[in-house]
Asker: 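Take this structure first; my questions come after.
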Amino acid sequence: MRKLMTLEEFTIQELRAFPKATGQLSGLVRDIGLAAKRINVEVNKAGLMDAILGATGYINVQGEEVQKLDVFADNQLVSVLRNGLFCAGIASEENDDILVFDDEVSNNAKYVVLMDPLDGSSNIDVNMPVGTIFSVYRRVTPLGTPCTKEDFLQPGTRIVAAGYIIYGPSTIMVYATRRGVNAFTLDPSIGEFCLCYSNMKCPERGDIYSLNYGNYGGYNDQIKKYIDFCERKKQNGKCYTQRYVGSLVADIHRNLIKGGIFLYPGTAEKPKGKLRLLYECNPMAFIIEMAGGHATNGKQSILSIIPDTLHERSPLFIGSSGMMQELHQYIKGTA
Ligand code: AHG
Ligand code: MN
Ligand code: MN
Ligand code: MN
């Protein structure tokens, strides 16, 4: 049987390609993998006696009801990264402000991590796929000092690495750097993430479109016309297929593999839409663009947006380059 390369072996192989590399990024991704394994154990217990299901009763900075698994996932990631050697601090969807790991070692770490510790929380209690999303940036403040908000309000073009873990029928980590996108399936028999997809490419076209139709009434006319186009038979007599899980990680993972487009537009009531620029839009845009796809807010590339605040939201259009071109013809009114 072919021996599959583990995430650890893969990051070390990557290190060999860059002899000057310090190994900090490889170590940081391994730390995130450890936290993901611990989160995976809890996600897989839904319904069992000590499962952590249900809500905490708190409302987070997003105005959402915090699920127990949101808190568990956040804690797991914060503790491995705080105890690790490679992260100066964290910004998380679940925490109002940045977490500065102000100690001698952490202040000399050159990276910061931004994360959505548990994505798709509304799906936890109904046993649908959920995920963890992360991105890694190089600090812009001097090493040896505590990281500051400036280290976190960087545009997505400055992402060094980004990834997600999808807790689905299999638990898979998709990890992207500027060298490419690779995926690793957690092999429970050895407790390691093993390389399952190398150099992933998002198909230029697909026939899947993903959106929450419940918001259709609030979309502008250009978006409505695009969605009406998706519903109509194409020249080849085929229609597009509509798929929507309600977990960004699941919807993007399917479209990355099969080809497709995901839309979370703004509405009259919420012009910036729902998704968080730092914790969801940027990392997913980086991953999809490194795989040859495209991501915009309808006006500009997601990765070019200069963030103003930690929890700002952005409309998100993301997926296969050919389908994104089609969408933008409708947005510009040239379709
Ligand atoms: P989170 O659970 O981290 O708050 O994210 C949920 C997000 C995202 O996963 C998904 O694409 C979107 O919410 C679904 O929103 P709607 O339920 O409004 O469609
Ligand atoms: Mn949330
Ligand atoms: Mn999310
Ligand atoms: Mn979340």
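For ligands, and for the atoms within them, numbers begin at 1 and follow the listed sequence. Residues: numbered from 1 along the sequence shown.
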Asker: Any N/O/S atom, side chain or main chain, of Glu280 closer to the Mn ion (ligand 3) than 2.8 Å?
Answerer: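 Within the cut-off used here (under 2.8 Å), Glu280 does place an N, O or S atom near the Mn ion (ligand 3).
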Asker: Below 4.0 Å from any atom of ligand 1, is there a heavy atom belonging to Glu280?
Answerer: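 It does, in that a heavy atom of Glu280 comes within the 4.0 Å cut-off of ligand 1.
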Asker: How far is atom 18 (O) of ligand 1 from the closest protein heavy atom, and which atom is that?
Answerer: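 Nearest protein contact, heavy atoms only, for atom 18 (O) of ligand 1 is Tyr264 OH, 2.6 Å.
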Asker: Among all the protein's non-hydrogen atoms, which is closest to atom 10 (C) of ligand 1, and how far away is it?
Answerer: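 Protein heavy atom at minimum distance: Gly246 O, 3.4 Å.
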Asker: Under a 4.0 Å N-O cut-off, is there an ion pair linking Arg313 with Glu280?
Answerer: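 Salt bridge: no.
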Asker: Which ligand 1 atoms are under 4.0 Å away from a heavy-atom of Asn212?
Answerer: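 The atoms of ligand 1 under 4.0 Å from a heavy atom of Asn212 are 16 (P), 18 (O), 19 (O).
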Asker: Check the pair Phe10, Phe184 against ring-ring contact (aromatic ring centres under 6.0 Å, His included), reporting the backbone distance first and the verdict last.
Answerer: CA-CA 10 Å; Phe10 177 85; Phe184 304 80; 5.1 Å; yes
Asker: Using only heavy-atom distances, determine whether the side chains of Asp74 and Asn95 contain a donor-acceptor pair under 3.5 Å.
Answerer: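 Yes, Asn95 and Asp74 have a side-chain donor paired with an acceptor closer than 3.5 Å.
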Asker: Considering only the protein, which heavy-atom contact is closest to atom 17 (O) of ligand 1, and what is its distance?
Answerer: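 Going by distance alone, atom 17 (O) of ligand 1 is nearest to Lys274 NZ, 3.8 Å.
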Asker: Judged on heavy-atom distance to atom 8 (C) of ligand 1, which of Leu211, Asp119, Ile124, Asn215 sits nearest?
Answerer: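 Among Leu211, Asp119, Ile124, Asn215, the closest heavy atom to atom 8 (C) of ligand 1 comes from Asp119.
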Asker: What I want to check is whether the side chains of Thr141 and Asp151 have a donor and an acceptor closer together than 3.5 Å.
Answerer: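 Indeed, the side chains of Thr141 and Asp151 share at least one donor-acceptor pair under 3.5 Å.
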Asker: Hey, what's the angle at the Mn ion (ligand 4) spanning O (Leu118) and OE1 (Glu93), nearest 10 degrees?
Answerer: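 Leu118 O and Glu93 OE1 form an angle of 160° at the Mn ion (ligand 4).
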Asker: Closest non-hydrogen protein atom to atom 14 (C) of ligand 1, residue and atom name please, with distance?
Answerer: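 So the nearest neighbour among protein heavy atoms is Tyr244 OH, 3.3 Å.
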Asker: Specify whether Tyr175 and Phe134 have parallel, tilted or perpendicular ring planes, treating 30° as the upper limit for parallel and 60° as the lower limit for perpendicular.
Answerer: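 Rings of Tyr175 and Phe134: parallel, as their planes differ by under 30°.
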Asker: What's the shortest distance from atom 4 (O) of ligand 1 to any protein heavy atom, and which residue and atom give it?
Answerer: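 That would be Arg276 NH2, 3.0 Å.
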Asker: So that I can tick it off, tell me whether Lys238 and Asp207 are bridged by a salt bridge, with the cut-off set at under 4.0 angstrom between side-chain N and carboxylate O.
Answerer: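 Yes, Asp207 and Lys238 are salt-bridged.
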Asker: Do Thr132 and Tyr167 have side-chain atoms, one donor and one acceptor, less than 3.5 Å apart?
Answerer: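 Yes, because at least one side-chain N or O of Thr132 sits under 3.5 Å from a partner of the opposite role on Tyr167.
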Asker: Quick one: does Leu118 get a heavy atom under 4.0 Å from ligand 1?
Answerer: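 Leu118 counts as a contact of ligand 1 under the 4.0 Å cut-off.
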Asker: Would you call the rings of His328 and His294 parallel, tilted or perpendicular, where under 30° means parallel and over 60° means perpendicular?
Answerer: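 Plane angle between 30° and 60°, so tilted.
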Asker: Which angle, to the nearest 10 degrees, do you find at the Mn ion (ligand 3) between OD2 in Asp116 and OD1 in Asp119?
Answerer: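 Seen from the Mn ion (ligand 3), OD2 and OD1 are separated by roughly 100°.
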Asker: Does Ser247, backbone or side chain, put an N or O under 3.5 Å from an N or O of ligand 1?
Answerer: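 In fact, backbone or side chain, Ser247 has no N or O that close.
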Asker: Applying a heavy-atom cut-off of 4.0 Å, say which part of Asp116 lies close to ligand 1: side chain, backbone, both or neither.
Answerer: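 The answer is the side chain.
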Asker: Answer yes if the side chains of Arg254 and Ser210 hold a donor-acceptor pair under 3.5 Å, and no otherwise.
Answerer: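 There is such a pair between these side chains.
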Asker: Do Thr145 and Arg139 have side-chain atoms, one donor and one acceptor, less than 3.5 Å apart?
Answerer: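 Note: Thr145 and Arg139 side chains meet the donor-acceptor criterion.
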Asker: So, 2.8 Å as the limit: is an N/O/S atom of Gly120 located closer than that to the Mn ion (ligand 4)?
Answerer: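 False for Gly120.
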Asker: Counting only heavy atoms, which portion of Glu64 has something under 4.0 Å from ligand 1: side chain, backbone, both, or neither?
Answerer: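 It is the side chain that gets close, since no backbone atom is under 4.0 Å.
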Asker: Salt bridge check: are Arg30 and Glu9 linked by an N-O gap of less than 4.0 Å?
Answerer: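 No, Arg30 and Glu9 are not salt-bridged.
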Asker: Under 3.5 Å between some N or O of ligand 1 and some N or O of Leu275?
Answerer: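 No, there is no polar N/O contact under 3.5 Å.
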Asker: Tyr279: heavy atom below 4.0 Å from ligand 1, yes or no?
Answerer: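 Tyr279 does not count as a contact of ligand 1 under the 4.0 Å cut-off.
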Asker: Where the side chain of Thr171 meets the backbone of Asn40, is there a donor-acceptor pair that is under 3.5 Å apart?
Answerer: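 Here the side-chain-to-backbone pair does not exist.
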Asker: Checking a contact table here: which protein heavy atom is nearest atom 11 (O) of ligand 1, and how many Å away?
Answerer: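 So the nearest neighbour among protein heavy atoms is Leu248 N, 3.3 Å.
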Asker: Find all atoms of ligand 1 within a distance of less than 4.0 Å from any non-hydrogen atom belonging to Ser121, and give their numbers and elements.
Answerer: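 It comes down to these atoms of ligand 1: 2 (O).
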